[in-house]
There are 2 protein chains.
Amino acid sequence: VGDVYVTGAGMIKFGWYSDAALGEMAAPACHRALESAGISIDEVEALFCAHSMCGRVAGQRILRHVGARGIPVINVENACAGGSTAINLAWAAVAAGQYRTVLVLGVEQMSRGLIPPNIDNFEATLGLTLPAKYALRAKRHMFKYGLTERQLALVAVKNLANGSLNPYAKYQTPLSLDQVLQARMVAEPLTLYQCTSNTDGAAAVVISARPSARAVKIKASVVNSGRYVSYGEEGVSADDELTRRTARMAYEQAGLGPEDVDVAEVHDAFTIGEILAYENLGFCPVGEGGRFIEEGSSGRDGKVAVNPSGGLLARGHPLGATGVAQACEVYWQLTGQAGNRQVEGARVGLTHTVGGATPNIGSGACVVSIFVV
Amino acid sequence: VGDVYVTGAGMIKFGWYSDAALGEMAAPACHRALESAGISIDEVEALFCAHSMCGRVAGQRILRHVGARGIPVINVENACAGGSTAINLAWAAVAAGQYRTVLVLGVEQMSRGLIPPNIDNFEATLGLTLPAKYALRAKRHMFKYGLTERQLALVAVKNLANGSLNPYAKYQTPLSLDQVLQARMVAEPLTLYQCTSNTDGAAAVVISARPSARAVKIKASVVNSGRYVSYGEEGVSADDELTRRTARMAYEQAGLGPEDVDVAEVHDAFTIGEILAYENLGFCPVGEGGRFIEEGSSGRDGKVAVNPSGGLLARGHPLGATGVAQACEVYWQLTGQAGNRQVEGARVGLTHTVGGATPNIGSGACVVSIFVV
């Protein structure tokens, strides 16, 4: 199995594009990724397109706006982790020699319709929507480990500050701790700015067996789904177990550990998600996530720069696009192209995405990938 | 890149399952495939789930009914070719050594909602729906090559006769030539029984690097999308060009030719689709598809047994499930498990699926796979 690289990345600014056709909206992300990789569309041998709500054969409908002809198109759905799953598939296909160079696109046009409920998700039907679910996880952390509302809010303060330096983020206005704490309550203890937002968006990366001048090697990529665990059985929630297991496998595949990671884009759909990610990815011991943010350890000049892009909180969260946008940021950080938000000397990057709330098993998908330069 | 096998297959009878939860409906197909392969669910390292309309993380929601815990789940969408695309991805992942044994499931529950229009498919919006599109292809073949209504109808007669021997087909009643010709007109010259039907369904295969007692080797699997061609440019329609190009690549990958194929499951969404498949897959020269069916060359004892299962016409067409159902039939035929409809001495099988009508490029996906025993 050969080496595989991210050789280019491109995005559009996340926001509302309700007047654009899907292909018109997504094509610029593809063109920027190709330009970044220094290749023409003719070198692309397949398209992997991640989305949840763009309708049938979305990748094909976009492809003609990109200018490609007749190449294989694979449409991938894995809810919030779709983009990362598409990267996993592209990595495997290139590693296997099936294709030499492929394009991965993540896209969602939520202005055309928000997330419909899955008919058999009885938990959500009964009120356990995602904000409620994450709020319960936050309450449990407060009860068990003494997490404070201030610590939670600091995640939003950090990510919105980072996002103010990211030209692709939906929200580019920094907020104070007081502004975050005093905002409208969505699901106690999560205030408005502690929740990601619906948005349109598109992000693309080029993945190839042939490194470009500025290439990042994919050292590991692991997809998993949740198990049927409950607090009672193993003392750990299904989602915590899922990220821990996936991270362990990814670190092993990469031959690296959490102490090696310089930059991490993690799934901060809600502030508590990032706190738990610190712990579950091994950046700090379990229970100390609150202290980790408070001490500045996840800042751009901290122990590990977490969500230097601003994360889902600043960027917005167009389901299928998020994982690819995370990979874009890691690519830019590791190749010194992150502008004002550049993390100095970053050599190892990690992406972490979870999604697809599924009754009984927690999240249906978790992907952890590790990149090195 | 190592050898990859289909080691087991399972289906449910296609029909209406409106009262069943998605997982309840799909799980028996998975259990039968596992039983057929002689393995337990614990040996399955990943699930590839093809569907177009089952909602987010459908594979994960089904998985708990199957009894697996925490394995990677990849949801694939490629319209009518989704099932075949999932097989292509599974084959690549196993060939690359990413997983040793995986389960591929194709599923659709159309009783919960029929195919919604893609907002940007202006052709369909203006009336060029799939029956209309195929009807035009039939009219052109009549004009150009003298195809007759009788020849077209004979495809339905053959496939419904085959379907009457297939316990998994939705329609198991053979019809006479007169019954087919005199049925209600859907889109001239295609009468009712010349069009496939909406249905619920689920089909599964086990794909593994480790052959079972009754295993079929995957010799080739190629996915492509349509090009922007018009009759004017190359004298061939976008869909004909797509199948010809994909078949050519698959034959080359397998080191085999059309003359080697004993059994073929092809995309007879409409009778004309099968006529064109004879030609585009190389079973007969271009223009002679009508004569090919008339001479009985595609019968179970003909030159190549085409759609011994009854095809989409008898089985019904639950989009994502169709490609996997085709692979089930080829598996059963090549391993002598096809009961009353067994094609004697079948050693080479082919599946052909097309789907995802996309303005300007014809079909968005075509998959041709070749299997040998």
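Per chain, numbering begins at 1; letters A, B, ... match sequence-line order.
- Using a cutoff of 4.0 Å between basic side-chain nitrogens and carboxylate oxygens, A:Arg248 and A:Glu252 are not scored as salt-bridged.
- In this structure, chain A has a heavy atom under 4.5 Å from the side chain of B:Leu319, while its backbone stays farther away.
- Highest contact tally toward chain A, considering only B:Leu63, B:Leu242, B:Ile71, B:Leu47, is held by B:Ile71 [criterion: heavy-atom pairs under 4.5 Å].
- Looking at B:Ala50, neither its backbone nor its side chain comes within 4.5 Å of chain A, counting heavy atoms on both sides.
- Considering OH of A:Tyr17 and CD of A:Glu24, their distance stands at 12.5 Å, rounded to 0.5 Å.
- With respect to chain B, the highest number of heavy-atom pairs below 4.5 Å among A:Cys54, A:Cys49, A:Gly70 belongs to A:Gly70.
- In this structure a side-chain-to-backbone donor-acceptor pair under 3.5 Å is missing from B:Tyr251 to B:Thr246.
- Minimum interatomic distance between A:Ile87 and A:Val324 (heavy atoms only, all atoms of both residues): CD1-CA, 4.1 Å.
- Of the listed residues (B:Arg61, B:Arg112, B:His51), the greatest number of heavy-atom pairs within a distance under 4.5 Å of chain A belongs to B:Arg61.
- In terms of heavy-atom proximity, A:Gly355 sits nearest to A:Cys80 at CA-CB, 3.7 Å.
- Between A:Met53 and A:Glu108, the shortest heavy-atom contact is N-OE2, 2.7 Å.
- For chain A, the nearby parts of B:Ala365 are the backbone and the side chain; heavy atoms of each come within less than 4.5 Å.
- Ranked by heavy-atom pairs shorter than 4.5 Å toward chain A, the options B:Ala93, B:Gly364, B:Ala81 are led by B:Gly364.
- Contact of B:Ala21 with chain A is not made at all, since no heavy-atom distance falls under 4.5 Å.
- In terms of modelled atom types and a separation under 3.5 Å, the side chain of A:Asn75 and the main chain of A:Gly59 share a donor-acceptor contact.
- Most heavy-atom pairs under 4.5 Å with chain A: of the set B:Ala68, B:Ser363, B:Gly362, this distinction falls to B:Ala68.
- Between the side chain of B:Asn78 and the backbone N or O of B:Thr85, no donor-acceptor pair lies under 3.5 Å.
- With chain A as the partner, the residue from B:Gln98, B:Gln60, B:Arg245 showing the most heavy-atom pairs under 4.5 Å is B:Gln60.
- Most heavy-atom pairs under 4.5 Å with chain A: of the set B:Ala46, B:Gly23, B:Pro72, B:Ser225, this distinction falls to B:Ser225.
- For B:Thr358 (side chain) and B:Gly356 (main-chain N/O), a donor-acceptor pair under 3.5 Å exists by modelled atom type.
- Heavy-atom distances place both the backbone and the side chain of A:Ala92 under 4.5 Å from chain B.
- With a threshold of 4.5 angstrom between heavy atoms, B:Glu77 approaches chain A through its backbone and through its side chain.
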